[in-house]
2 protein chains.
Amino acid sequence: MILDCCIVHYYRLATPEHAVQPRIPTSIRRHLPYLLARAYQRQQRLFEAHTRDFDITGRDYGLLLMLESNPGLWQSEIADLMGLDRTTVTYLVDGLQKRGWVAREPDPADRRAHVVTMTADGRTALESIRPAAAAAIDEVLAPLDETERDQLRALLTRLLGH
Amino acid sequence: MILDCCIVHYYRLATPEHAVQPRIPTSIRRHLPYLLARAYQRQQRLFEAHTRDFDITGRDYGLLLMLESNPGLWQSEIADLMGLDRTTVTYLVDGLQKRGWVAREPDPADRRAHVVTMTADGRTALESIRPAAAAAIDEVLAPLDETERDQLRALLTRLLGH
DNA sequence: TATTGTTATACTCTATAACTATA
DNA sequence: TATAGTTATAGAGTATAACAATA
């Protein structure tokens, strides 16, 4: 968990004491992998900053959104949809279940599998967190107008082949 | 370290046994935070896949690039430039030093600080890794033509306020 | 007093391997 | 045999706190 001081650290306008301010050279500053990593880092940190009062991570939130529109997913399906290992999904679902936000039930159609659904408490939690998550996203995307957001969406969608 | 099986897992066209194929709903598939996270995830995994023969992570590689064009950075400057905690930079530089790729020397102008520079071995390693890293980036960006890459660069730069 | 860096430590995330149970 | 999920375990990464050296 990244605490306040780090957010401050990250967002302060750094001005080291000594004269020569180090700069990220253009070759790196215009490097797409660098830009992508930094954008993701910023998104993660702003999400954490805005949701500090709720016991949730960005990925937990994403999983709840998946379950909201797709109730009764198998854990193996969650793994596919999120690009994660089965054991990582077990870990993730364990955490949400401990908070009482999701439930596991054996799938009657295939008793090897467990279907995961949100509980009433989970839905309540999701609703209470949604505004903070939206505020985080607003802050991340603030520099872009609607047209630019659409362009970014289109480019990333193409990049992912989705 | 993500091993081959996971790359395969991630990139195989998943077709679960049971009839109803779960889908990421449009509301999430078009969600910019989701797209950004997935693009970053893809970038990370392709970098790992292409550089498996070299003992290096994407962040190590980024730091070597920083040092290449900006030799003699302080660790605190590295922390600022990469958005990391000081202790994390100590950990990172420790790793590169153990591999003999960077050296720390006290800064004569401010003996509190250590300047970090690449060694000859570090430069050799960087050159041997560069083609694999370039191949990874090529694969990540393959779906985009030059114009689209420029657009993505411009949008992410704006997003970051750089 | 403030800053640079280190160490000790702990927690989160992620994966491997071995297992159980189902199909 | 193959798949779904769990458990035990280990490693990487990241942070906090306390500290030493220097400014």
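None of these values were measured; they are calculated from a predicted model. Here is how names work: the chains are called A, B, and so on, in the same order as the sequence lines, proteins then strands, and each is numbered from 1.
The separation between E48(A) atom CD and dA15(D) atom C1' is 11 Å, rounded to whole Å. Between H114(A) atom NE2 and dA23(C) atom P the separation is 11 Å, expressed in whole Å. dG11(D) atom P lies 14 Å from atom NZ of K98(B), rounded to whole Å. Taking atom CH2 on W74(B) and atom C1' on dA21(D), their separation rounds to 13 Å, with Å as the unit. Put simply, CD on Q44(A) is 16 Å from P on dT12(C), counting in whole angstrom units. Taking atom CG on D60(B) and atom C1' on dG13(D), their separation rounds to 11 Å, with Å as the unit. The CG atom of D85(B) sits 15 Å away from the P atom of dT7(C) (whole-angstrom rounding). Atoms CG (D107(A)) and P (dG5(D)) sit 9 Å apart, rounded to a whole Å.
We find that D107(A) and R112(A) are not joined by a salt bridge, their nearest charged nitrogen and carboxylate oxygen being 4.0 Å or further apart. With salt bridges taken as basic N to acidic carboxylate O contacts below 4.0 Å, none links R86(B) and D80(B). A salt bridge links E68(B) with R130(B): the distance from a Lys NZ or Arg NE/NH1/NH2 to an Asp or Glu carboxylate oxygen falls below 4.0 Å.
Residue A113(A) is the one, among D94(A) and A113(A), whose nearest nucleotide of DNA chain D lies closer to the 5' end (criterion: closest heavy atom). With DNA chain C read from its 5' end, the first of the two nearest nucleotides for Q75(B) and A109(A) is the one closest to Q75(B). In this structure, V115(A) and L92(B) both approach DNA chain D, and ranking their closest nucleotides by distance from the 5' end singles out V115(A). Of the two residues near DNA chain C, Y91(A) and R111(A), the one whose nearest nucleotide lies more 5' is Y91(A).
Donor-acceptor pairing under 3.5 Å, judged by distance alone, is absent between the side chain of R112(A) and the base of dG5(D).
An OP1 or OP2 oxygen of dC13(C) is reached within less than 4.0 angstrom by no side-chain nitrogen or oxygen of T88(A). Look at R104(B) and you'll find a side-chain N or O under 4.0 angstrom from OP1 or OP2 of dT6(C). Contact annotation: S76(B) side-chain N/O to dG5(C) OP1/OP2 distance is under 4.0 Å. For the pair T90(A) and dT6(D), the criterion of a side-chain N or O lying under 4.0 Å from OP1 or OP2 is met. Distances shorter than 4.0 Å separate none of the side-chain N or O atoms of T87(B) from OP1 or OP2 on dA15(D).
Results of the side-chain contact (heavy atoms from CB on, under 4.5 Å) test with E148(A) over D145(A), D150(A), L152(A) single out D145(A) as the only residue that passes.
When all heavy atoms of R38(B) and L81(A) are compared, the closest pair comes out as NH2-O, 2.7 Å.
For R45(A), taking side-chain heavy atoms from C-beta onward, the closest of the listed nucleotides dA15(C), dA4(D), dA15(D) is dA15(D).
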